[in-house]
Amino acid sequence: MEICCKFIRALLCYLPIIFTTLGGAMASHKVYPGYPSNSTVKVKQVYRTSYHFQPKKHWINAPMYYKGYYHFFCQYNPKGAVWGNIVWAHSVSTDMINWKWLKPALTPSKWFDKYGCWSGSATILPGDKPVILYTGVIKENPEPGYQVQNYAIPTNYSDPYLQNWVKPNINNPILNPTQENVSSFRDPSTAWFINGYWKMLVGSRHNDRGIAYMYKSKDFVKWTRAKHPFHDKPGTGMWECPDFYPLSSPGVRNGLETYTLGKDHTKYVFKVSLDETRYDYYTIGEYDVVNERYHPDNITVDGWAGLRYDYGNLYASKTFFDPVKKRRILWGWCNESSTTEEDIAKGWAGIELIPRMVWLDPSGKQLLQWPIHELETLRGQKKNIRNVKLNKGDSMEIKGITAAQVDVDVSFTFSSLSKAEAYDRNWDKFPREDIAKDICGIKDATAQGGLGPFGILALASKNLEEYTPVFFRVFKTHVKTYKVLMCSDATLSSRNMNEYKPSFGGFVDVDLADKRLSLRSLIDHSVVESFGEGGKTVITSRVYPKLAVAGDAHLHVFNNGTETIVVEKLHAWSMKRALMN
């Protein structure tokens, strides 16, 4: 069970803590003393999502599976839509789509968490006994606070809802910083047991070097730090929400329990949330059990230009193993791109993205991600389209569905690669971590090309004054290979000039031999969550249109390249509202 609690300085959400042999939670720790705790402003809730997890009001973020229920814990401000007054909200579900709210699980109440109950994780101990590890703040200085690691346990293990938790005075804190940075020492990971010891990771930094320290214990109470950092990297800054888990063989969708770490598995994922960039990065590598170190594969970039779960708006993610369906599930927090004043006016901030299955790509080079199949229970009216040609400049509206609340899955084909544009080698002078994003900004959906841009126009207004394009563009390199670029561009998403409207992008590692690319987008009022080529590349955008809202939103497929594109098949479903009681 894994719970990761994020330190998000300027944003408003906190990631799920899921119990199922793990839990996760994240949070923003910037306080807004100039803003009222409660807002009485009444606004039309056109941006509130219908099938993504979010609170009825105010501010959230955090997930485990226990006795028949998925548990989702999150940092929540019961008094306002900005960070502050934080408690650990708690919800349960049987499908991770429909949720029931319970009373808060943790609130600051002890000297060892007086100034905050921050992120952490959960582990199921022998005897089916969950325990939460979390970061407590004992002093306000040095900023953002003096951090220690604590534990909490349920008062009644027979309660499947786990409604009551206690933070024992004895043995808390279980970890005090000694040589660690006292203000950058947080987010304990899910623990695993190997060679007679429980082991866990805590994120930290030393100057600009990101660090994940390993700690080990025989009794889960007395912990000692390993001789060397589990992994570290200069120039990456603070590492938040470290996550470490084993992978099945390439192409196998079944996940593995965290407790199997170090037991005859050749590949592992190590993931961190980088405070300086606000993205989640992962590498695939090997676990040296003897020396207690992690070693990324040589083919994996370890740093800002590395692989990401999502090339858009996702941070402080956490995975857990679902013991019921034998899969590893990823939860990611998605902050607002609106202003703080707008968040206060609408009365809420932050959502969780749809839970995703994660597994190793058949190539062994990266992960694949896909929305959990339980989401499909919300599908309603369906629209099917097959074998429609789109010539240069064509756009076709997909009618008969609720375009503001839709799941659309489309496969595009083309007959030739000959019209692919030349890849400009000057683009390689951009910062390596931003190359795809920067090209998407230069080569947007309005810039005519050869093979692409083609894709969808999400949340489009009637006359296309507003729209969010999600599209592909294919380039030919000087060595006669091809680069596939995927973009999600919020630049024209809204006439509201106050919003943050970036163009996001990522490359798609795909063989174009069959001349086909697929795209699935989950569109939900103010979020566009897109999966390219079966989940090889994922990009999420937050958007706040002024015109393309509710019934006035439209959905199109388009092509703005000289190569004719065929919509081989398109399935679009109006989505029902998930239950959030």
Side-chain angles (χ1 to χ4, degrees), residues 2 4 21-22 121 123 187-205 209-217 224-236 239-274 279-309 317-321 326-330 357-369 509 535-536:
E2 300 143 13
C4 173
T21 61
L22 60 118
S121 297
T123 301
D187 308 345
S189 73
T190 298
W192 66 97
F193 190 80
I194 184 172
N195 296 337
Y197 285 90
W198 288 100
K199 299 184 179 183
M200 70 167 171
L201 307 177
V202 178
S204 189
R205 69 176 174 87
R209 179 183 291 270
I211 302 172
Y213 291 114
M214 174 184 277
Y215 299 85
K216 52 187 180 180
S217 172
T224 58
R225 198 176 80 183
K227 183 178 180 180
H228 304 288
F230 184 69
H231 189 51
D232 62 327
K233 185 72 175 181
T236 54
W239 284 4
E240 299 184 304
C241 301
D243 197 10
F244 182 58
Y245 55 92
L247 292 168
S248 295
S249 300
V252 176
R253 294 195 175 203
N254 286 351
L256 296 173
E257 275 274 23
T258 303
Y259 69 71
T260 62
L261 283 167
K263 298 180 181 179
D264 301 324
H265 302 295
T266 57
K267 295 298 178 183
Y268 301 83
V269 169
F270 177 73
K271 165 263 164 186
V272 290
S273 304
L274 295 191
Y279 293 118
D280 280 20
Y281 301 81
Y282 73 90
T283 55
I284 297 169
E286 298 180 352
Y287 176 22
D288 182 347
V289 176
V290 174
N291 295 303
E292 299 177 326
R293 301 293 295 265
Y294 169 76
H295 302 288
D297 290 345
N298 292 331
I299 61 172
T300 303
V301 176
D302 189 10
W304 287 16
L307 294 167
R308 302 181 198 171
Y309 283 151
S317 62
K318 192 66 182 177
T319 68
F320 76 99
F321 177 73
K326 310 301 181 186
R327 55 189 176 173
R328 182 153 290 270
I329 302 297
L330 181 148
M357 285 183 56
V358 291
W359 68 98
L360 186 59
D361 182 80
S363 70
K365 297 179 181 179
Q366 66 168 97
L367 295 177
L368 295 177
Q369 304 172 65
D509 185 7
K536 285 179 174 287

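Atom set for the values below is all heavy atoms of this structure, side chains included, hydrogens, waters and symmetry mates excluded. As the structure is a prediction and not an experimental result, all values here were calculated from the model.
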Is Thr283 reaching over with its side chain to a backbone N or O of Pro296, donor-acceptor style, under 3.5 angstrom?
no
Measure from the side-chain N and O atoms of Asp280 to the backbone N and O of Tyr309, and report whether any donor-acceptor pair falls under 3.5 Å.
no
Taking the side chain as every heavy atom from C-beta outward, state whether Asp187 and Pro242 have any atom pair closer than 4.5 Å.
yes
Side chains of Trp359 and Gln369: does their closest heavy-atom pair fall under 4.5 Å?
no
Between Lys536 and Asp361, does any NZ, NE, NH1 or NH2 come within less than 4.0 Å of an OD or OE carboxylate oxygen?
yes
Verdict with reasoning, Lys267 to Asp297, per side chain to side chain contact (heavy atoms under 4.5 Å, CB included):
CA-CA 9 Å; Lys267 295 298 178 183; Asp297 290 345; 2.9 Å; yes
Would you sort out whether Val358 and Tyr282 count as a side chain to side chain contact (heavy atoms under 4.5 Å, CB included), showing the intermediate values?
CA-CA 12 Å; Val358 291; Tyr282 73 90; over 6 Å; no
Would you name the heavy atoms of [X] and [Y] that are closest together and state the gap between them?
X	Y	answer
Thr236	Arg209	OG1-C, 4.5 Å
Ser317	Lys271	O-NZ, 2.9 Å
Trp192	Met214	CZ2-CE, 3.6 Å
Pro246	Leu256	CG-CB, 3.7 Å
Tyr281	Gly303	CD2-O, 3.4 Å
Asp302	Lys233	O-CE, 3.0 Å

For Trp239 and Phe270: C-alpha separation, side-chain torsions, deciding distance, then whether ring pair (Phe, Tyr, Trp, His ring centres under 6.0 Å) applies.
CA-CA 12 Å; Trp239 284 4; Phe270 177 73; 5.6 Å; yes
Go through the steps to decide whether Leu307 and Leu367 satisfy the test side chain to side chain contact (heavy atoms under 4.5 Å, CB included), and finish with yes or no.
CA-CA 9 Å; Leu307 294 167; Leu367 295 177; over 6 Å; no
Which label fits His231 and Tyr294: parallel for a plane angle under 30°, tilted from 30 to 60°, or perpendicular past 60°?
perpendicular
For the residue pair Phe244 and Tyr268, does the interplanar ring angle fall in the parallel (under 30°), tilted (30 to 60°) or perpendicular (over 60°) class?
parallel
Applying side chain to side chain contact (heavy atoms under 4.5 Å, CB included), run through Glu257 and Tyr245 and close with a yes or a no.
CA-CA 8 Å; Glu257 275 274 23; Tyr245 55 92; over 6 Å; no
Is it the case that atom NZ in Lys365 sees more than 12 heavy atoms from other parts of the structure closer than 6.0 Å?
no
